[in-house]
Amino acid sequence: MNESNISSSLLKNFSKKYKNSKILVTGGTGFLGNRIRTALQQVECDILFVGSKQCDLRDEQKTLDLFSNNFDIVIHAAAIQ
């Protein structure tokens with residue numbers, strides 16, 4: 001089994017388990033975030049990809065406001081430049 005088959009299988013299982021979940025991807029517009037976006041395109045979830053232009057995570061109030069959306073899953077891919 002090659003790597004793409006494993007990834008596809010994992011995404012199918014993820015999609016079944018977390019169908020219609022609210023997911024936040026911090027760093028969602030960066031290098032890693034764009035790869036996560038590509039991988040999650042086939043998942044049936046409500047996904048928000050956030051970059052530093054949408055929310056600077058160093059700003060406590062903006063971060064608290066973002067997390068007030070009660071996400072089921074947070075994928076933290078943000079990095080400091």
Side-chain angles (χ1 to χ4, degrees):
M1 188 179 291
N2 65 35
E3 185 176 333
S4 63
N5 288 339
I6 294 170
S7 297
S8 178
S9 174
L10 289 173
L11 285 173
K12 285 180 185 177
N13 289 336
F14 181 91
S15 185
K16 286 179 186 177
K17 185 172 183 177
Y18 297 105
K19 187 175 182 173
N20 300 319
S21 294
K22 288 179 62 176
I23 300 174
L24 169 65
V25 180
T26 63
T29 61
F31 177 80
L32 183 56
N34 281 320
R35 274 121 192 104
I36 294 169
R37 180 189 306 264
T38 300
L40 293 181
Q41 283 179 339
Q42 62 194 15
V43 176
E44 295 180 40
C45 295
D46 180 16
I47 307 172
L48 177 62
F49 293 89
V50 176
S52 60
K53 290 182 182 177
Q54 293 84 21
C55 181
D56 184 347
L57 297 176
R58 297 172 294 179
D59 183 315
E60 181 179 4
Q61 189 56 54
K62 288 181 181 178
T63 303
L64 290 172
D65 291 344
L66 175 65
F67 278 87
S68 70
N69 291 305
N70 296 319
F71 294 98
D72 300 306
I73 299 169
V74 176
I75 300 172
H76 184 59
I80 297 174
Q81 295 183 5

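Because the structure is predicted, anything quoted here is derived from the model rather than measured.
In this structure, T29 and Q54 approach most closely via the heavy-atom pair CG2-OE1, 4.2 Å. What you find for F71 and I23 is that their closest heavy atoms are CD2-C, 3.7 Å. Listed here is the closest heavy atom pair of G28 and R37: O-NH2, 3.3 Å. Closest heavy-atom contact between L11 and V43: CD2-CG2, 4.2 Å. The two residues G33 and A77 come nearest to each other via the heavy atoms N-CB, 4.5 Å. H76 and T26 make their closest contact through ND1-OG1, 2.7 Å (heavy atoms, listed as atom of the first residue, atom of the second, distance).
Taking the side-chain hydrogen bond (donor to acceptor under 3.5 Å, both in side chains) definition, one finds that D65 meets it with Q61, sequence neighbours left out. When the side-chain hydrogen bond (donor to acceptor under 3.5 Å, both in side chains) test is applied to D59, no partner is found at least two apart in sequence or on another chain.
With a 4.5 Å cut-off on side-chain heavy atoms, N69 and L24 do not count as touching. Looking at heavy atoms from C-beta onward, L64 lies in side-chain contact with E60 at the 4.5 angstrom threshold.
Side-chain heavy atoms closer than 4.5 Å link hydrophobic residues (I, L, V, M, F, W, Y) into clusters, and following such links, even through other members, never connects I47 to V50. With hydrophobic clusters built from ILVMFWY side chains whose heavy atoms lie under 4.5 angstrom apart, F14 shares a cluster with L32. Hydrophobic clustering of Ile, Leu, Val, Met, Phe, Trp and Tyr side chains at less than 4.5 Å, counting indirect connections, keeps F49 apart from L57. Residue L40 is grouped with residue I73 when hydrophobic side chains (ILVMFWY) are merged at heavy-atom distances under 4.5 angstrom, including chains of intermediate members.
No donor-acceptor pair closer than 3.5 Å links the side chain of N13 to the backbone N or O of L10. Of the possible polar contacts, one joining the N34 side chain to the G30 backbone as a donor-acceptor pair under 3.5 Å is found. Using modelled atom types, no side-chain atom of D72 and backbone atom of S21 make a donor-acceptor pair closer than 3.5 Å.
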- Would you sort out whether L66 and L48 count as a side chain to side chain contact (heavy atoms under 4.5 Å, CB included), showing the intermediate values? CA-CA 10 Å; L66 175 65; L48 177 62; 4.0 Å; yes
